[in-house]
Number of protein chains: 2
Amino acid sequence: MGHGGLRPEDIEHARTQLSNFLSRRGLKQTRQREAILEAFLESGGHMTSEDLYERVRPQNPEIGAATVYRTLKLFCEAGIAHPNHFRAGVTLYEHRGGHHDHLICVSCGDIVEFECSMIEQTQLEIAGQYGFRLTNHRHDLYGYCPKCSKDEEPNP
Amino acid sequence: MGHGGLRPEDIEHARTQLSNFLSRRGLKQTRQREAILEAFLESGGHMTSEDLYERVRPQNPEIGAATVYRTLKLFCEAGIAHPNHFRAGVTLYEHRGGHHDHLICVSCGDIVEFECSMIEQTQLEIAGQYGFRLTNHRHDLYGYCPKCSKDEEPNP
DNA sequence: CTTGGTGCAAATCGTTTGCACCGTC
DNA sequence: GACGGTGCAAACGATTTGCACCAAG
């Protein structure tokens with residue numbers, strides 16, 4: 001179920017973003033970071049460090065898993081990636097930008113993104129009622145996607 | 001920031017629920033399961049297996065951590081508990097019942113539950129648009145609670 | 001007495017870290 | 001050259017599992 005990578009302009013933007021972030025912080029531009037960034041951007045988002053490691057490996061066999069973990073964290077700080085914990089024990093990284101709301105198929109794992117400004121608005125109101133100042137949110141809907149709906153029957 | 005345990009009637013209901021679940025499945029009613037259930041119900045919800053283990057230990061030094069993990073999973077199947085992954089690496093279990101929507105303070109970790117039927121409704125519509133058949137959802141709003149809002153300043 | 005439950009310790013899994021070496025600035 | 005980056009392997013923390021023993025039905 002691969003879906004939506006980024007458009008060329010987004011990719012270019014991400015490259016610049018990382019570049020700026022690195023120099024601003026006095027960090028180094030390395031071959032590995034470039035390779036990992038490209039692999040991440042080419043992917044559809046929603047991947048684990050492990051996944052990305054596998055993706056990078058063929059072209060760069062010397063890059064270690066630890067570097068991928070470290071780099072992905074760096075991307076999060078740079079605002080290029082965002083970590084998500086859909087299930088126990090794994091961190092899924094997604095492309096930044098857009099709102100992080102998802103429809104997740106509990107059967108095949110497919111992830112679809114959606115956005116609803118009405119809900120966004122309502123969230124702010126609710127937070128206000130409790131005196132909370134919101135920084136971010138997550139809104140995930142779990143269920144069976146159209147394909148899997150046909151296989152799985154409601155009552156076991 | 002402790003808050004809301006369950007009312008006596010809810011506790012009674014949970015006991016029955018587990019009891020029924022066990023016999024329905026041909027499983028056994030054990031001293032450990034009772035002890036762990038009581039500890040879980042007495043707590044405010046939103047605890048890790050580890051937390052519960054510590055809570056149970058004083059009165060039942062022989063109960064092992066593995067049993068608590070196993071039992072908590074059982075509670076989930078029985079519909080008494082519900083697992084949540086607010087942050088990487090830990091599973092937080094909460095009391096079942098009510099909708100699982102939360103306001104979470106990123107500073108002190110306080111968790112407030114809320115419910116909004118309008119959002120619930122909208123979720124169904126969105127799922128429908130994508131042909132998904134929903135089974136459950138999670139909706140977490142992160143931010144600073146009133147107390148912590150005073151300390152933390154918006155711009156770093 | 002039969003089958004599931006428990007406790008312990010060892011095993012796993014994802015992720016992190018210490019350290020010696022390597023490459024960028 | 002200095003300091004951050006990398007690779008490897010060992011360390012880690014949460015959770016799971018194999019196994020021999022125990023207890024509920």
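Being a predicted model, the structure only gives us computed values, none of them experimental. Below, chain A is the first sequence line, B the second, and so on; all start at residue 1.
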* Distance, rounded to the nearest Å, where A:Glu62 contributes CD and D:dA9 contributes P -> 15 Å

* Asked: What does A:Glu50 touch in the nucleic acid at a heavy-atom separation under 4.0 angstrom: a base, only the sugar-phosphate, or nothing?
  -> nothing

* **Nearest-neighbour nucleotide for the A:Ser49 side chain, D:dA24, C:dT15, C:dG23 considered** => C:dT15

* Any ion pair linking A:Glu77 and A:Arg25 (charged N to carboxylate O, less than 4.0 Å)? -> yes

* NA contact type, B:Arg33, heavy-atom cut-off 4.0 Å: base, sugar-phosphate, or nothing? -> sugar-phosphate

* To do: Would you please confirm or rule out a distance under 4.0 Å between OP1 or OP2 of C:dG23 and any side-chain N or O of A:Thr30?
  => no

* **Salt bridge A:Glu62-A:Arg31, side-chain N to carboxylate O under 4.0 Å** => yes

* To do: Would you please confirm or rule out a distance under 4.0 Å between OP1 or OP2 of C:dG7 and any side-chain N or O of B:Gln32?
  => yes

* Please check the phosphate of C:dT15 (OP1 and OP2 only) for any side-chain N or O of A:Thr91 closer than 4.0 Å. => yes

* **Residue A:Arg70, side-chain heavy atoms: nucleotide from C:dT6, D:dC8, C:dG14 that is nearest** => D:dC8

* Is there a side-chain polar atom (N or O) of A:Lys73 under 4.0 Å from OP1 or OP2 of C:dT16? -> yes

* Structure fact -> When rounded to whole Å, the CG to P distance for the pair A:Leu74 and D:dG5 reads 8 Å

* Asked: Regarding B:Glu94 and B:His82, is there a side-chain donor-to-acceptor distance under 3.5 Å anywhere?
  -> no

* Asked: Nearest to the side chain of B:Leu27, which nucleotide is it out of D:dG7, D:dT17, C:dG4?
  -> C:dG4

* **Nucleotide D:dT16, atom P - distance to CZ of A:Arg87 in whole Å** => 12 Å

* Can you find a donor-acceptor N/O pair under 3.5 angstrom joining the side chain of A:Arg31 to the base of D:dG5? -> no

* To do: Let me know the distance between NE2 of A:His85 and P of D:dT15, rounded to the nearest Å.
  => 13 Å

* N/O donor-acceptor pair, side chain A:Arg25 with base D:dG4, under 3.5 angstrom -> no

* To do: Using a strict 4.0 Å threshold on nitrogen-to-oxygen distance, state whether A:Arg15 and A:Glu38 make a salt bridge.
  => yes

* Where do A:Met47 and A:Phe40 come nearest, in terms of heavy atoms and distance? -> SD-CD1, 4.2 Å

* Asked: Is A:Thr48 touching bases, backbone alone, or none of the nucleic acid, heavy atoms closer than 4.0 Å?
  -> nothing

* Is the shortest side-chain N/O distance from B:Tyr69 to OP1 or OP2 of D:dT16 below 4.0 Å? -> no

* Nearest to the side chain of A:Ala66 - C:dT17, D:dT6, D:dG18? -> C:dT17

* To do: Measure from CG on A:Asn60 to P on C:dG23 and round the result to the nearest Å.
  => 15 Å

* Asked: A:Leu22 has an atom CG; how far is it from atom C1' of C:dG23, in whole Å?
  -> 15 Å

